[in-house]
Amino acid sequence: MKRVLGVLVVMILALSVFAGPNHLVIFHMNDTHGHVWGTDDGGGFARAATLINQAREEVAKEGGEVLFLHAGDVNTGIPESDQLDAVPDFLVLHYMGLDAMVLGNHEFDKPFEVLEKQYKVAQFPFLGANFVSEKRGGPVFEPYVIKDYGEFSVGIIGLVTEQTNVLEPIYLGENTIIDAEETLMKYLPIVQEKADIVIVLGHLGYHADGKRPNLSVEFTTSDELAENVSGIDIIIDGHSHTLLETPAVINNVIVAQTGGNAENIGRIDLWIDGGRIVDWSGEVIPLTADTPEDPFIKMFADAFYQLGSEALNEVVGVTKVFLDGERAHVRSDETNLSNLITDGMIWKTGADVALMNGGGIRASIETGEITYRDILTVLPFGNTLYVLEVTGKDIMDVLNYAATIPDGQGAKLHVAGLTAEIKGGKATNVKINGKPIDLNKTYKVVTNNYVAAGGDGYTMLEGKPGYDTYFRDADALREYIAHLGTIEVYTSEERLIELDQVK
């Protein structure tokens, strides 16, 4: 008997020696922005769930594991989600088996109480090692999480973009986002002690092309982390909506990002032996119309979609022209839709000047009937119109800051009641309602509460005398469109004429 047992022990040891490496599949999404529901063209969480569940079945047969991560910005983008504080998104991600997410800057679009509610609904870790509170003496949520798979373990550190301090300052309160790289250097040795594989789950942005946003805050990008910090195996990234069809490799670090709006899902396969990655592959999988929708996830999501649909489908006006709110256009130039929005802000409040950030305009409006749903898709943040009393000099400070903003940034300025020429990073020939600006005169300026509080770098407006009208920007636009009735044509005239550019 002892002889038999000895043979068995030797056989087990031999099998363990010759066993293949462990297989870990990582699925990842980022910047889904309320796109729980797909369309006839594809996309959506139900299609992503199908691919994840298929992989779970396949990998389980070989004794492997599946890890599902989200790199932030679950919030803001689709009315059915926005109206319900993204509860549908977080519940569906919970039932999809999400293992962890990092906080994106749009997780701070609403009061902190909403984020706390979302955390309770989600029941999965919200990571943010550098989202800290002086009162708490450290991170507000979990800085990292360890996933123990028996033969190997994975540590996941969450890092939030420092840009949040400028982009979404209103609801940070006494909390702040501190330096991501310095924070990583603090937690990396701790996680390395506990895990074989180290993943940075970052909402940082990928700018290896050198085209960094011009903001009044120092910030870290995922490519910089990969270049500067040793000991990271993988960075799962978000924020810049970059589509890396195959992961980039920087300084032996795998860097991945999937674009956004739940149009794709990323998959990284790791083969791990002795606690080390011995082989890997990675891809972005488009969620096409041919991808079946998981029936449970679709049923669950569709139940939320029906809530409030009647109100969202209310027709408020008609347009006979395409109203252009395309991301690339409103972040580089004025359009007929941006002019419509700013004109409506003046119509609603009687202000002299309206200021609007291009990043607040999230969609176009097609020709035909305009519903409240369409308007909420264009202006999804729930911002309110804020009226300020500022001097002509203050307005010049705004325009001179805006003149430094390169194309492609959300801080790109749109105006009404004002014209100016922009040249050499300065505003000249500024007129308000056709008259030269008076630097000593006090003007009534309407913007949204986000910009009024210094958002998108407009810090020169923070603390200026004024008041919140509590008119939602989407409601003001709805009323203005209803007032117009049918839009036969709408001007896309340049109000800020960029003389340095050839149009």
Side-chain angles (χ1 to χ4, degrees), residues 24-39 41-56 66-78 81 86-107 118 121-128 145 147 154 156 158-161 199-206 222 234-248 254-269 282-288 291-294 297-298 300-301:
L24 174 66
V25 177
I26 304 169
F27 282 100
H28 59 99
M29 304 179 81
N30 58 274
D31 300 278
T32 49
H33 289 295
H35 287 75
V36 177
W37 305 275
T39 68
D41 296 324
F45 286 8
R47 290 187 172 95
T50 294
L51 299 181
I52 295 168
N53 290 335
Q54 286 175 349
R56 284 181 176 135
V66 172
L67 177 66
F68 179 29
L69 302 173
H70 195 296
D73 273 8
V74 173
N75 281 277
T76 308
I78 295 296
S81 171
V87 166
D89 309 58
F90 287 101
L91 272 176
V92 171
L93 287 170
H94 166 76
Y95 285 113
M96 289 171 68
L98 189 70
D99 290 289
M101 69 167 277
V102 66
L103 298 168
N105 56 293
H106 284 289
E107 268 63 82
Q118 292 170 343
V121 165
Q123 298 181 52
F124 51 73
F126 282 15
L127 304 182
V145 65
K147 303 291 289 186
V154 177
I156 306 157
L159 294 174
V160 187
T161 178
I199 298 174
V200 169
L201 185 58
H203 192 80
L204 299 173
Y206 181 82
S222 58
I234 301 170
I235 300 177
I236 303 294
D237 193 29
H239 186 50
S240 56
H241 293 226
T242 305
L243 177 58
L244 297 173
E245 294 181 353
T246 56
I254 301 164
V255 183
Q257 195 178 150
T258 69
N261 296 336
E263 295 173 353
N264 311 292
I265 189 166
R267 173 171 174 159
I268 299 175
D269 288 69
E283 63 178 332
V284 168
I285 305 170
L287 299 174
T288 66
T291 307
E293 294 183 286
D294 180 88
I297 295 299
K298 178 172 171 53
F300 194 72

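Along the sequence shown, residues carry numbers from 1.
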Criterion side-chain hydrogen bond (donor to acceptor under 3.5 Å, both in side chains) against Thr258, the qualifying member of Asn30, Asn264, Asp237: Asn30

side-chain contact (heavy atoms from CB on, under 4.5 Å) between His70 and Met96, worked out: CA-CA 12 Å; His70 195 296; Met96 289 171 68; over 6 Å; no

Kindly indicate whether the side chain of Gln118, heavy atoms from C-beta on, has any atom under 4.5 Å from the side chain of Val74. no

Decide yes or no for Leu287 and Thr50: does some side-chain heavy atom of the first lie under 4.5 Å from some side-chain heavy atom of the second? no

Between Leu69 and Leu201, the two heavy atoms sitting closest are CB-CD1, 4.0 Å

Would Thr32 and Leu93 count as a side-chain contact (heavy atoms from CB on, under 4.5 Å) here? Give the steps. CA-CA 11 Å; Thr32 49; Leu93 287 170; 5.6 Å; no

For Val25, enumerate each residue passing the side chain to side chain contact (heavy atoms under 4.5 Å, CB included) test, keeping only those at least two apart in sequence or located in another chain. His23, Phe27, Val59, Val66, Arg267, Asp269

Could you note down all residue pairs passing salt bridge (charged side-chain N to carboxylate O under 4.0 Å, His left out) where residues 86-103 supplies at least one of them, sequence neighbours left out? Asp99-Lys147

Could you list the residues that satisfy salt bridge (Lys or Arg N to Asp or Glu O under 4.0 Å) with Glu263, not counting sequence neighbours? none

Who passes side-chain hydrogen bond (donor to acceptor under 3.5 Å, both in side chains) against Ser240, sequence neighbours left out? Thr242, Gln257

Pairwise distance NE2(His28) to CD1(Ile52) - rounded to 0.5 angstrom: 11.0 Å

Residues that His35 engages under ring pair (Phe, Tyr, Trp, His ring centres under 6.0 Å), provided they are two or more places apart: none

Step by step, work out the side-chain contact (heavy atoms from CB on, under 4.5 Å) result for Leu244 and Val284. CA-CA 7 Å; Leu244 297 173; Val284 168; 5.6 Å; no

Minimum heavy-atom separation for Val36 to Pro88, with atom names? CG2-C, 4.3 Å

For the side chain of Thr288 and the backbone of Gly42, is there at least one donor-acceptor N/O pair under 3.5 Å apart? no

Just by modelled atom types, is the Thr291 backbone N or O under 3.5 Å from a matching donor or acceptor in the Arg47 side chain? yes

Let's go through Phe90 and Met101 carefully: what are the C-alpha distance in whole Å and the side-chain angles of both, what is the deciding distance for side-chain contact (heavy atoms from CB on, under 4.5 Å) to 0.1 Å, and is it a yes or a no? CA-CA 10 Å; Phe90 287 101; Met101 69 167 277; 3.5 Å; yes

With His203, which residues qualify under ring pair (Phe, Tyr, Trp, His ring centres under 6.0 Å), at least two apart? His239

Do you know which two heavy atoms are closest between Ala48 and Ile265, and how far apart they sit? CB-CD1, 4.0 Å

Would you confirm whether Asp73, through its side chain, and His106, through its main-chain N or O, come within 3.5 Å as a donor-acceptor pair? yes

Is there a donor-acceptor pair closer than 3.5 Å between any side-chain N or O of Ser222 and the backbone N or O of Gly205? yes

Got a second to check how far Leu204's CG is from Ile236's CD1, nearest 0.5 Å? 12.0 Å

Considering non-hydrogen atoms only, spot the tightest contact between Ala256 and Ile268 and give its length. CB-CD1, 3.9 Å

For residues Val145 and Ala100, report the shortest heavy-atom separation together with the two atoms involved. CG1-CB, 4.3 Å

Within the distance-only criterion (no hydrogens, no angle test), does the side chain of Glu107 pair as donor or acceptor with the backbone N or O of Gly104 below 3.5 angstrom? yes

Here the gap from Asp31 atom CG to Asn261 atom CG, rounded to the nearest 0.5 Å, amounts to 8.0 Å

Starting at CD1 of Ile234, measure out to CD1 of Ile26 and round the result to the nearest 0.5 Å. 4.0 Å

Shortest non-hydrogen contact from Gly34 to Trp37? O-CZ3, 3.7 Å

